[in-house]
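Inspection log for the structure reproduced underneath, given as structure tokens.
Scope of the values below: all heavy atoms of this structure, side chains included, with no hydrogens, waters or symmetry mates. Throughout, protein chains are lettered first and strands after them, A, B, ... in sequence-line order, and every chain is numbered starting at 1.
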Amino acid sequence: MAPEGVIIGGWSYVIAAYVLVGVVLAAYAAHLIARTRSLDARRRRSDDRAETSVGDS
Amino acid sequence: MKKMHAFGLVGLALIIVGSIYGLTASPPERHMGDVSRILYVHVPTAWNCLLIYLFAFGFAIASLWTGKQRWDIATTAAIETGVVLNILLLGTGMIFAKPTWGIWWDWDVRLTTSLIALIFYAAILALRTFIDDPNRRATLTAVTCIISFVDVPLIYFGVRWWRSLHQIQSSPETMAETMVFPMRVNAFAVLFISIWFMLLRARIERSKLESDEVVEPPVRRAMATA
Amino acid sequence: MSRPGLARQSLAILGKDLALEWRNRARVVAVVLFGVLVLLLFSLAFGDKGTQVLQVTAGGCLVIALFLSSTLSLQESFRTEDHDDALEGLLLLPTEPASIFYGKALANTFFLVALAPVLIPVTTLIYQVSLGPTQVLQIAGLWLAAAAGLAAPGTLYAGLTTRLKSQDVLMPLLLFPLEVPVLLATVKAFGLVFDGDPMGQLSSWTQLIVAFDVIYWCLCGVLFRFVVEEAA
Amino acid sequence: MSSTPLVCAGLGRRFGTKWALAHIDLSVAPASVTLLAGANGSGKTTLLRIVAGLVRPTLGQVLVFGQDPRIATSYCRQRSSLVSHRGFLYPGLTALETLRLWSSLLTPDNGDNELLELLGSVGLGDEAHSDTSRFSAGMRKRLTLLRVRLENPDLVLLDEPFAALDPAGQVLIESWVGELKARGTTIIMASHAIERAKALCDSAVLLEQGQIAWMGEAAKMPTPGTDLEAQ
């Protein structure tokens, strides 16, 4: 059941939620970009050895 | 490549606008007060999580139907992005539960369903790491993904019936226009960010497969004649 | 040249699996004992809280015992198929993958139902619940529905994880979340039978389990071919 | 076209990073016996499994009696039969029960008398009620051959038929192949036992590292390992 009246305050919870969203999204984005970088670097090294066609997105 | 990052940038801009509006301009809700502001991030992640799982379901059907690797890549990218949103959805849901219900976790229909969905999809990602043959991996990912998605509504109704004896579902009341605006903006923000994630993840999966494997068959050898 | 229909092929597979299970009785007994052990462990874990607690948890513990025992028998059902590529032999005959699925799923249902005559009496004894004749029938019917709901996805996932390095972990990991609706509905229904059903809710829970059964049996039957055939 | 038992065009199959088969162009004439020769890992088994519809080709096309085994799986499998180096047997079932299972999945379904007769014809009459897990390699092979007898296919795929057999068993295979040949069944045989197999076959295909290295009359096939370019 919904409690009577208005919930007072609770700003700490609001901030926690927004920080959580920001941190998780940023961490996952950083993880993806780091992996892209390392794979690109590896591919560039192998491209130097043999010229292969690579499709772009 | 550049086009891909545009999704991320638009998403970032939108989420900043939406969140600032939601944290400052939007008035506190009648009953929940300032805590209701959590909903501006919680609800958009929930919508998008379901949407991304729907994408994964569609990609999985295409993957099973055509056997083409690009659909498997798309399925994997969607599942992983869905799992990230699912984690966020659970996290923000718990943070919202504490001040409103007084407890961190309640066996609420939507929370329970999303927790089980998270286990489902994380298990699919775990399953993938155990299969070496790319064809088999693609097939099994698609099969498990289809079953999981079909099962999500079953869990939802199962939990709802199960809970119905204990308490009445709390449903959000009609929202004021000032609440709708930040929610919509953030919904689009999370959608754009998710698309960006999926594109990045798909690119990683593709270049991983390409660098691991020789895609072209070996050069044709000369055949000795009889 | 016409082939035997889906039903006849399924029955042939079912007959084969039952014959193999009969040859492998010792293992069957071991699985039943494992189920009893689970019931016993739960009763030890909750027993010191008093008879009341035992009676309340009886339904849940019984369902968990069924679930845990099922993983043992489901995995075994594909170990025999894999041993000499026998499953491949069936596919080549050619046998419809769907009839292999239905035959094996029926055999697995049968096996899970066979746990009932031991596990249900043991539950009434150590959890101190008393059952009248109608209640025994109700429990038996619910058990059949739950076993069917567990066997269909279980057969699919056992086939899917067979030959994988960590089958014993992956199969329950994939199967149990899927089974949550069946678990909830069965626990609820067992509870209503054990503790009484003043509001007459039992039939709606039963219908719910049956609805899950129908969905799982159709969906898994369609998807099974992709699990066993690469070229499908 | 559709009477040609097997046509492969540009067939290739990749497992992970390795191409097990590539550029396979092949046509097998009706009622012929073809030898697939080659070292271990040269792609013989993969080729047979693709024809049987168990493995999906990565590239190219395969037609069994004019049909793609991936699409018309049931049709192709009705007309062909694969004898793998595995026996497809269940440990725990007796020889008769095994035959009963196979027979009940086929049309016509044979009665026990016919099945016992079949067992007798390969010298397993006394073992009808023994568990197949106690069988020797030769006995297992003979039981597996009965499967083909039950299926009565137009194309038989043999994977290493002579492997793990005693001389008597090898003679049995030879006479059985002759029997099938006389009936007009097309046979494709992958084998290591080149000399023994050559005598049975009309044409031969030599695979090396997944590609066709030589193709022609069986009797003229060079011994694998010799310099093919010198031929």
Side-chain angles (χ1 to χ4, degrees), chain B residues 57 60-67 72 83 86 107 109 111-166, chain C residues 60 149 152-154 156-157 159-189 191-192 197-199 201 204-205 207-209 211-216 218-232:
Chain B
F57 176 65
I61 289 176
S63 165
L64 214 49
W65 196 263
T66 63
D72 178 50
V83 165
N86 206 334
W107 292 104
V109 182
L111 274 182
T112 310
T113 309
S114 52
L115 174 63
I116 297 164
L118 176 64
I119 299 172
F120 259 146
Y121 285 98
I124 299 176
L125 293 177
L127 173 74
R128 281 182 68 84
T129 63
F130 285 98
I131 312 170
D132 298 325
D133 175 30
N135 288 296
R136 185 124 183 97
R137 191 167 56 216
T139 312
L140 299 193
T141 305
V143 167
T144 45
C145 185
I146 290 171
I147 296 193
S148 303
F149 190 77
V150 173
D151 204 50
V152 168
L154 298 188
I155 297 174
Y156 183 84
F157 288 112
V159 177
R160 199 161 115 175
W161 281 38
W162 177 61
R163 289 291 295 172
S164 64
L165 301 174
H166 294 270
Chain C
L156 182 82
Y157 277 142
L160 194 145
T161 51
T162 184
R163 293 187 199 199
L164 292 185
K165 276 165 277 176
S166 309
Q167 189 200 13
D168 36 1
V169 181
L170 281 175
M171 211 211 55
L173 185 65
L174 290 164
L175 179 63
F176 287 165
L178 190 77
E179 289 296 327
V180 165
V182 174
L183 176 92
L184 293 180
T186 315
V187 169
K188 210 81 205 183
L192 289 174
D197 179 20
M199 318 257 289
Q201 295 162 323
S204 57
W205 285 106
Q207 282 164 18
L208 190 67
I209 305 176
F212 291 146
D213 287 353
V214 172
I215 294 170
Y216 289 149
C218 294
L219 182 68
C220 297
V222 171
L223 290 174
F224 187 73
R225 63 177 305 115
F226 297 104
V227 167
V228 290
E229 291 235 49
E230 182 189 322

| request: For each of Asn135(B), Ile146(B), Ile119(B), Thr144(B), tally heavy-atom pairs with chain C at distances under 4.5 Å, and name the one with the top tally. | output: Thr144(B)

| Interchain contact, Thr139(B) with chain C, by part (heavy-atom threshold 4.5 Å) | side chain

| task | Below 4.5 Å from any heavy atom of chain B, which atoms of Leu160(C) appear? Answer side chain, backbone, both or neither. | result | both

| field | Result of checking Leu140(B), Val83(B), Thr141(B) against Ile124(B) for side chain to side chain contact (heavy atoms under 4.5 Å, CB included) | value | Thr141(B)

| Is it the side chain or the backbone of Leu173(C) that comes within 4.5 Å of chain B heavy atoms, both, or neither? | both

| field | Derivation of the side-chain contact (heavy atoms from CB on, under 4.5 Å) call for Leu183(C) and Phe176(C) | value | CA-CA 9 Å; Leu183(C) 176 92; Phe176(C) 287 165; over 6 Å; no

| When heavy-atom pairs shorter than 4.5 Å are enumerated against chain B, which of Leu178(C), Leu174(C), Val180(C), Leu170(C) gives the highest number? | Leu178(C)

| Does the pair Arg163(C)/Asp133(B) count as a salt bridge with the N-to-O cut at 4.0 Å? | no

| Taking the side chain from Arg136(B) and the backbone from Val227(C), do they hold a donor-acceptor pair closer than 3.5 Å? | yes

| remark: Applying a strict 4.5 Å limit to non-hydrogen atoms, the region of Val143(B) in contact with chain C is both

| said: Using side-chain contact (heavy atoms from CB on, under 4.5 Å), reason through Arg128(B) and Asp72(B) one step at a time and then give a plain yes or no. | reply: CA-CA 11 Å; Arg128(B) 281 182 68 84; Asp72(B) 178 50; 3.1 Å; yes

